[in-house]
2 protein chains.
Amino acid sequence: MAREHQATLHDVARTAGVSQATASRVLNGSIRNVRQENVDRVLAAAAELNYAPHLSAQAIARGSTNTVALVVSGVDDPYFASIAGGVTQAAEAAGLIVTMAVADRSPERELQIVRTLRGMRPRAIILTGSRIDGTDTRHALVEELDAYREAGGSVVLISQHDLPFRTVSIDNYGGARQLARALVGLGYRRFAMVRAGAGLRTSRDRCKGFVEGLSEFGIDIDERFVVEAEFSRRGGCAAARELVQRGLDGTELVFAVNDVMAIGVMTAFRDAGLVPGQDVAVAGFDDIGPAVDVDPALTSVTVPLRQVGVRAMQLALSDDDASRIVPVSTNVVLRGSTPGR
Amino acid sequence: MAREHQATLHDVARTAGVSQATASRVLNGSIRNVRQENVDRVLAAAAELNYAPHLSAQAIARGSTNTVALVVSGVDDPYFASIAGGVTQAAEAAGLIVTMAVADRSPERELQIVRTLRGMRPRAIILTGSRIDGTDTRHALVEELDAYREAGGSVVLISQHDLPFRTVSIDNYGGARQLARALVGLGYRRFAMVRAGAGLRTSRDRCKGFVEGLSEFGIDIDERFVVEAEFSRRGGCAAARELVQRGLDGTELVFAVNDVMAIGVMTAFRDAGLVPGQDVAVAGFDDIGPAVDVDPALTSVTVPLRQVGVRAMQLALSDDDASRIVPVSTNVVLRGSTPGR
DNA sequence: TTGAAAGCGATACCAA
DNA sequence: TTGGTATCGCTTTCAA
């Protein structure tokens, strides 16, 4: 019973008393050109030997794989988790296997990952997460992806419409701008902003949208009330502490460029004795699941994350290069963290 | 420049003016048995052609891969996300690529996934998530995994110490028992419990520990106050609503078998006009990140999820079969959701 | 309907 | 230190 290697097609064929070619036909290709009797024998043999086709061998023989590569910045983050969920869902529907790698927000790591992943000859490479602009690394990345695409691979970016590849583009600018309008509508006038490093495109777009939304009403944010922090819960906490230390000085609302930061902000405020939504309002972006579990529930901008993942996968698989950019719109949701004034 | 296929080793060798064997040596194996001049030529050629070794071809030639397969129940869940984070971290440290599949809590799907994954000939298959006991599917799964292992593969289970494979075993029973003790210590006497379906081992163990912990003090939970629900945030919400409808009737504390459910419970209570921690205390299990972001912060049992993932990976890679079971201990953390009475 | 045999892209042994 | 060549597990013509 115990063998040192997995059963091969050869084994199956021998056990079934047919040629390897026939066994191959039964187990994969055109079953209908094989006599029923042989079909049964092969199937029986395969079951008996617990045969599982060697995917690498198939890949090499066929010249293509059933693999899709997904690169995310971090799995812990619910933002990426949701997107990953959508991607895997769509991939499984298409009979594809997803290989996921985590870049941990390092461009170098991301480049290295793409290099490795390319070796798997995946049908598609999907990149998500905001990359840093203007570095050499980025140039190298584009080159790598180009080589991959020229060889017939499909590249899809999520939320990075400035690179020459297919993209699922999230309307960060527009969403933030609408959010600003809505908040002004609620009566807010004095804002603070918590953002990530200037290199992060997503953060930049959201800030820009927010600021320009405010400026429609002649409102602007003093430099003093703009804090830069890590793109994470911890970053949000740190930023809030920083704000408190600098003196809130009448600030009515803090906009954090994403929900995890916003939630961090709320927690830190509470620790500092301020009641979020009451003493100071808070708004985020993404509308991740936990946004409704905090108290008060977090005002945010809905991004259909799971759907973004699904779309990305579909875009990766589609042939026509017409729809190079798939826009995904966003939607303001006002909740308890920003009560009307 | 543009070619229809990725550059092959053959291409590189020809461009460099050396044999394929030499090129192979340079790009992978023993570089030191090659004249420096040739090393340079090959490297240059590889860079020029943007060569990326065909991993499948390597796998087939070498007879082994650099792949590790990870099966989770769902990516959206922070529980799995954290574990996945740990696994990928450890895998990357070992130079391995992680392929992740999502079983969506369906045993059939899980079986199918394992079958497919086996075809990749991964170095290890790591299974996480609580499987349903006693089904045919489970039997088939064990058979599948056995075949894989007999062929030299490494199988690691997370939190399932009842199957004949290496396991990272989380002390669900003990943690829940200690939690019960601690809560009684705080003065609580009347409990309700929110659990998942009876087939889920994790849920069962936690319930058992909790119940037995209470019984040390002669306390038990009336059937009326035990609600079964989906192992998710939504399940927690539904369960809480159910409890409210049945009548809380003096219940002082609700224990949910995991944090996502507990958070759902808190939110639903609040929607029903009850203040969590004040009108009714809530405790969970896992100590996922968001546990400290809700208000009041959630009392829970810490499970070092990320570390669990790392351990699983290490266990998968270790040779000695001595330490078949790696225990991971858990720790009670009391927070605002269970104030002393 | 079937089987023999030629690849697919790499590795590694054996001679040179 | 090099190159020729068998080999890995499978698919896919091409003949029979």
Side-chain angles (χ1 to χ4, degrees), chain A residues 3-42 45-46 49-67 116 118-122 151-153, chain B residues 3-42 45-46 49-67 116 118-122 151-153:
Chain A
R3 50 160 51 68
E4 243 324 292
H5 66 286
Q6 310 254 16
T8 73
L9 188 58
H10 183 84
D11 299 330
V12 174
R14 211 158 36 78
T15 309
V18 300
S19 79
Q20 222 184 150
T22 300
S24 173
R25 282 189 270 255
V26 173
L27 265 12
N28 298 293
S30 33
I31 320 186
R32 48 182 165 208
N33 308 325
V34 179
R35 213 189 333 153
Q36 186 57 43
E37 193 197 322
N38 280 338
V39 173
D40 296 339
R41 301 168 72 112
V42 171
L49 298 178
N50 226 323
Y51 171 74
H54 195 305
L55 264 28
S56 287
Q58 289 193 152
I60 213 178
R62 294 213 252 251
S64 75
T65 64
N66 290 315
T67 299
T116 307
R118 196 150 77 81
M120 304 185 68
R121 303 292 187 271
Chain B
R3 52 161 49 69
E4 241 327 289
H5 67 286
Q6 310 254 14
T8 73
L9 188 58
H10 182 85
D11 298 331
V12 174
R14 210 158 36 79
T15 311
V18 301
S19 78
Q20 223 182 145
T22 298
S24 174
R25 283 188 271 257
V26 173
L27 264 12
N28 297 291
S30 32
I31 319 186
R32 47 181 166 210
N33 308 325
V34 180
R35 213 189 332 153
Q36 186 58 43
E37 191 197 323
N38 281 336
V39 172
D40 296 341
R41 301 167 73 112
V42 171
L49 297 178
N50 226 320
Y51 171 75
H54 194 306
L55 263 29
S56 288
Q58 288 194 152
I60 215 178
R62 293 214 252 251
S64 75
T65 64
N66 288 318
T67 299
T116 308
R118 196 150 76 80
M120 303 185 68
R121 304 290 186 274

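Residue numbers start from 1 in every chain, and the chains themselves are labelled A, B, ... in the order their sequence lines are given, proteins ahead of strands. Predicted, not measured: the structure shown is a model, and the values here were computed from it.
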Q: Look up atom CG in Leu27(A) and atom CD in Gln20(A), then write down how far apart they are to the nearest 0.5 Å.
A: 11.0 Å
Q: Using side chain to side chain donor-acceptor pair (under 3.5 Å) as the criterion, list what pairs up with Ser19(B), not counting sequence neighbours.
A: Thr22(B)
Q: State which residues pass side-chain contact (heavy atoms from CB on, under 4.5 Å) with Ser56(B); sequence neighbours excluded, sorted by chain then number.
A: Ser56(A), Ala59(A), His54(B)
Q | Base versus backbone protein contacts along nucleotides 11-16 of chain D [heavy-atom cut-off under 4.0 Å; B, S, -] | A | BB----
Q: Under the side-chain contact (heavy atoms from CB on, under 4.5 Å) rule, collect the residues that match up with Ser24(A), sequence neighbours excluded.
A: Leu9(A)
Q: Take the C1' atoms of the five end pairs on each side of the helix from dT1(C)-dA16(D) to dA16(C)-dT1(D), derive the two axes, and give their angle rounded to 10 degrees.
A: 40°
Q) Quick one: how far along DNA chain C does chain B reach, first to last nucleotide 5' to 3', anything under 4.0 Å to a heavy atom? A) dG9(C) to dC13(C)
Q | Closest-nucleotide ordering on DNA chain D, the 5'-leading residue of Arg121(B) and Asn33(B) | A | Asn33(B)
Q. Is any side-chain heavy atom of Asp11(A) less than 4.5 Å from a side-chain heavy atom of His5(A)?
A. yes
Q: With sequence neighbours excluded, tell me which residues meet side chain to side chain donor-acceptor pair (under 3.5 Å) with Asn28(A).
A: none
Q: With sequence neighbours excluded, tell me which residues meet side-chain contact (heavy atoms from CB on, under 4.5 Å) with Asn50(A).
A: Arg118(B), Glu143(B), Glu144(B), Ala147(B)
**Q.** Set of side-chain contact (heavy atoms from CB on, under 4.5 Å) partners for Ala16(B), sequence neighbours left out
**A.** Val18(B), Arg41(B), Val42(B), Ala45(B)
Q) In whole Å, what is the span from the NE2 atom of His5(A) to the P atom of dT7(D)? A) 16 Å
(Q) Rounded at 0.5 Å granularity, tell me how far CG in Leu49(A) sits from CD in Gln6(A). (A) 11.5 Å
Q | Set of salt bridge (Lys or Arg N to Asp or Glu O under 4.0 Å) partners for Arg62(A), sequence neighbours left out | A | none
Q) Given atom CD of Gln6(A) and atom C1' of dC8(D), what is their separation to the nearest angstrom? A) 14 Å
Q | Separation of atom CG in Asp11(A) from atom P in dG9(D), rounded to whole Å | A | 9 Å
